[in-house]
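In what follows, a single structure is set out as structure tokens and then discussed.
Letters A, B, ... are given to chains in the order of the sequence lines, protein chains preceding strands, and every chain is numbered from 1.
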4 protein chains.
Amino acid sequence: MKIRVGVLGATGAVGQRFVQLLSDHPYFEIAEVAASERSAGKHYKEAVAGKWILDFDIPAQIASMTVKECKPGLACKVVFSALDSSVAGPIEEDFAKAGYYVVSNSKNHRFDEDVPMLIPEVNSDHLGIIPVQQKKRGWKGFITVKPNCSLQSYLVALAPLHRKFGVKRAIVTTMQAVSGAGYPGVASLDILDNLVPYIGGEEEKSEKEPLKILGHIEGDRIVDAKGVKFSAHCNRVNIVDGHTATVSVEFERKPTREEIIASWDEFSGEPQELALPSAPKRAIVYRTEENRPQPRLDRMQDGGMGIVVGRLRPCNVFDYRFVCLSHNTIRGAAGGAVLIAELLHRKGMLQ
Amino acid sequence: MKIRVGVLGATGAVGQRFVQLLSDHPYFEIAEVAASERSAGKHYKEAVAGKWILDFDIPAQIASMTVKECKPGLACKVVFSALDSSVAGPIEEDFAKAGYYVVSNSKNHRFDEDVPMLIPEVNSDHLGIIPVQQKKRGWKGFITVKPNCSLQSYLVALAPLHRKFGVKRAIVTTMQAVSGAGYPGVASLDILDNLVPYIGGEEEKSEKEPLKILGHIEGDRIVDAKGVKFSAHCNRVNIVDGHTATVSVEFERKPTREEIIASWDEFSGEPQELALPSAPKRAIVYRTEENRPQPRLDRMQDGGMGIVVGRLRPCNVFDYRFVCLSHNTIRGAAGGAVLIAELLHRKGMLQ
Amino acid sequence: MKIRVGVLGATGAVGQRFVQLLSDHPYFEIAEVAASERSAGKHYKEAVAGKWILDFDIPAQIASMTVKECKPGLACKVVFSALDSSVAGPIEEDFAKAGYYVVSNSKNHRFDEDVPMLIPEVNSDHLGIIPVQQKKRGWKGFITVKPNCSLQSYLVALAPLHRKFGVKRAIVTTMQAVSGAGYPGVASLDILDNLVPYIGGEEEKSEKEPLKILGHIEGDRIVDAKGVKFSAHCNRVNIVDGHTATVSVEFERKPTREEIIASWDEFSGEPQELALPSAPKRAIVYRTEENRPQPRLDRMQDGGMGIVVGRLRPCNVFDYRFVCLSHNTIRGAAGGAVLIAELLHRKGMLQ
Amino acid sequence: MKIRVGVLGATGAVGQRFVQLLSDHPYFEIAEVAASERSAGKHYKEAVAGKWILDFDIPAQIASMTVKECKPGLACKVVFSALDSSVAGPIEEDFAKAGYYVVSNSKNHRFDEDVPMLIPEVNSDHLGIIPVQQKKRGWKGFITVKPNCSLQSYLVALAPLHRKFGVKRAIVTTMQAVSGAGYPGVASLDILDNLVPYIGGEEEKSEKEPLKILGHIEGDRIVDAKGVKFSAHCNRVNIVDGHTATVSVEFERKPTREEIIASWDEFSGEPQELALPSAPKRAIVYRTEENRPQPRLDRMQDGGMGIVVGRLRPCNVFDYRFVCLSHNTIRGAAGGAVLIAELLHRKGMLQ
């Protein structure tokens, strides 16, 4: 018996990815698709007509589902939220209050100190805050969130290094795919033969969210990591999927090149230990070719859930530098959320 | 009476730009086009058939010129070298020895301590080394070079700040257009829906060349600037023309935001003072829109010779950060070399 | 003394091109910019903030103009309409009734039998219908329109052949640039590493409009050409500017290859005879290279007003085939309309 | 026990696809990889270093194989040829003479009247010429070839219509992906923000090869279909994979729209009947959305072996028109050849 799940904001770009990733899942089955009033009442197929962007056909049984409104009353236990941040905040709370387990891709609750913002390989221990959240808010359900897509690559690569050698500061430049902006998102006239060195709000998220993820639970809240600073330059580039980041990093204790690569090779978290269905076999893949990772060649590593790193070399200014890549709408969005739900299930938190 | 000039390596991507920029120039006229043995003897039009990449038609009088070999004996006084670095070294020396004034786009002599590597707005005083070069080598002619295209944007923006506030260190990520690799250069399969986070040799040039340019003449050689360090991450992106750089910088003495912008607004060098034909009116244009500069919109600033800067803001790790852009085959290659020649002419060094 | 003109829909993609092309025009000066209520009252610069798409800066005197509503009362004599077709119809009529001379890029009045749809090189004689239009409608002003961007290339190439040899039928496939869809227009996710073999309404326009343009005045109306048929396949491709068309054509009387090329070389209309400022020197440029025309290399022929043709060769099914290209937002939109206005001026119709 | 196969030209773009498609195949196992002298003697991994273009990692057991020269003596029974046409002709003959079964992607033997050029769904009966070929040439092995990538889409869609309604003539415009030109192939500077309306030799192949495929065996040779003509305009567009074609077609007997769609829905050949591993479930998929097929969304239909058709509608000049798409390096190259080999195996011709 699979767990019945719903997708909120199911018609948008991330919602479509949820539908794809959950359409043949060993733990979950899509029982409900919900979206804005405009779409509610239509068949899912009609609701996404003209805006389906995946090279994957809508599964027949989902195509004919009636889209619901995003209100409690859905016949499922877990909801994945791909809602726009202009509406996600209160809707997600309503669901949690009504007893649903919410796994959200939206930014609204990322900085609530009783809401875990998870990259399951990195900070699954933050799930320990859930009972606090439920108690404090009087909820039967709960909210968990995943962080912004921009940082899924570099932060996963930095996390094991931070644990062992202490990251003091890192300067990061991201080159982000257009799918990160949803659909219709980036206008073709803005990006053909061009790049845009600005993404509204993205640099702030890319600098601040890592501190919470690298932080720890202290009493009834999650507190930020201390003594580590990020600076992020975020650029939109002419690529369908896959965010790339160049990273220069300074450590408390400078490791050798071999120690770094060993840290990546050995890095493993609960997703790997539990062999979760969406978990990449190795959390981080280090490639030795001098010109990798590349978005088109590496974004589908482990079904789009892998983190690919390359070009580790000394930095002329800090200690080391390297290049990271992850798939922004799989690992960085829908897939990252599904991985959280898989972890919740295996830890018995979806009862 | 215009000065007769020749273009060495006239059939390649940079050579074509020289032909374009010199085809209707107030000081110079193309008297000779030279290239490899394979092309020598053909009409220029035939020699470039199937590999002309500019949206500018070959001027009629140049189309019918006979391509010569790259050997002294050309009927001109100045030669612009767009030669491949595999052959440029000795050929350029032969020309200088034979009395030609060589302005080179090639890397071969960039680190000769008696060869000035010029960005005319920044270090035109390095021309003072020319008499040393001529004396030491027993040459009637001389060699001047321009630096690599990758650094034309960020170094011009950093130069006035360095003079006033002392740049201690800067971490730069470049996103470089495909035209920088010449023709055929980057394969479409390598760059469509992709980027390549590696350009052979480019990071070394991007870190080392600035030190010489910011340096000074000491006795009979140009010595590197001290106390300043660059780290460069160089990426190839899916853009025809225009290199963009994100820059994070730390100063000896941290200026205010206003001081920085004022430094850029006021920045001016001999090209502006002498109103050289290829000089941008303002050496640096600072744009206030939050999403500029962008390659497609800004690369043709002042005919492709302008440096466009934007997004000055505090850096979370260093003092400030910003974004820079310049046209890589105009300012960063052929146009930069023509500007040097214009300066040489107006300083009476092409007699 | 220049003629004062207004631009309706001045903030959109075509409106911006009008501003560019009219900002330093020998006959016209922009006196008014008008747009939707949302923009009205703002300075033009503010109204286009974040959606300016040209690599050309807004001229200072226009940047500071106050945007008006699109209602008669503008202080000018001529209005260029770049209005969306959802509103253009009645607004253009209101202006004509109020005595303005309207030159429109919109489709609304293209099939009014008393409204000339002009490509000035091809059917400037259709201006003879204007007095009929004014009389019938009781207008002091009038409306003229230009045809859809998709057909500006192939129809101009076919027109001189039709006159001499009679075009019986032509099958055309267009590959159209994204700027043809305005801004934001085509979503990057729809076109990166992709093409879309469908543009709503475009094939109908591409087949029907040519018949009117090749037609003639009969009494008080313009009647379609008889005995000629077009079939158009319209595709959106990943190109900023420039529409390309492949054409297979069958004639009443099959000409020789030389006759066709001679027809193109000799083709000239009133714009050339009157040396209108926006007229290309030659109406059609035939290129002999086997791989031309190409959008990036040829779209700016004669400032974007030229029609470039190549690859004339026998067709295996019809008589001949060839490839055509024109710039869709210059010749195919704003530039085509400005050329009409120049013609009107020189024929004394803007008094 | 799988059949041992070799790949000739294994290091190029099509060769890499063969390696991918054969690396986990139910009938075949790669026993040999062969390439030019330059690669021979190296490990396959080294030989493709820096030119591997697939988002699929080289399988470990193939990575370490030693690349052989392309001469008989390979320890396998079947060879897939991805050789360059400058050398393929005699090499393929040498292998066939030495008893190998050759399945070739190269053009050299396509017009030999005793060599079948196969699209297995369309003309598997042409295999009947093989005994003639073996007898006439005194070979124990044989050569079969697949046609050019450009026609795999439109010809498959036209074939069932031709059988039932007689295709008289068709005018086709192809928009072909860059991978069709191999690696490095199309230079990025030639195709970014551009298209090239010319591919050397492609139009001739696209017009002539269909006649042989639609033809039949007559005595000891395959003769062309009579009474059918194709005209092809071939364009290179800025897409990684997937060739699209627009088709206008005239029939002997004009079918209804429903008859056409029924013909496509019902179309099936030996690959479907034998359920060959690479066969698409349905030979042709007709999509009803108005804007499909699209390369990025449809090229991977049935693992890249499907033919996707859409937009069937009346043609203004001929009877009907529609749009077709297939994956050029899978169905149109390596995958098409593997399908032939699967058919040969199941018909007992690889004993």
| Could you state the interatomic distance from CH2 (D:W52) to CG (A:L297), rounded to the nearest 0.5 Å? | 10.5 Å
| task | Report yes if some heavy atom in the side chain of A:R296 is under 4.5 Å from a heavy atom in the side chain of D:D55; otherwise report no. | result | no
| Contact part of D:R299 toward chain A, heavy-atom cut-off under 4.5 Å: side chain, backbone, both or neither? | neither
| task | Determine whether more than 12 heavy atoms belonging to other residues, nucleotides or ligands lie under 6.0 Å from atom NZ of D:K45. | result | no
| message | Does any backbone or side-chain atom of D:D57 lie under 4.5 Å from a heavy atom of chain A? Answer side chain, backbone, both or neither. | response | side chain
| query | Side chain, backbone, both or neither: which part of D:D193 has an atom under 4.5 Å from a heavy atom of chain A? | reply | side chain
| note | Checked D:D298, D:N238, D:V240 vs chain A; the most non-hydrogen pairs under 4.5 Å come from D:V240
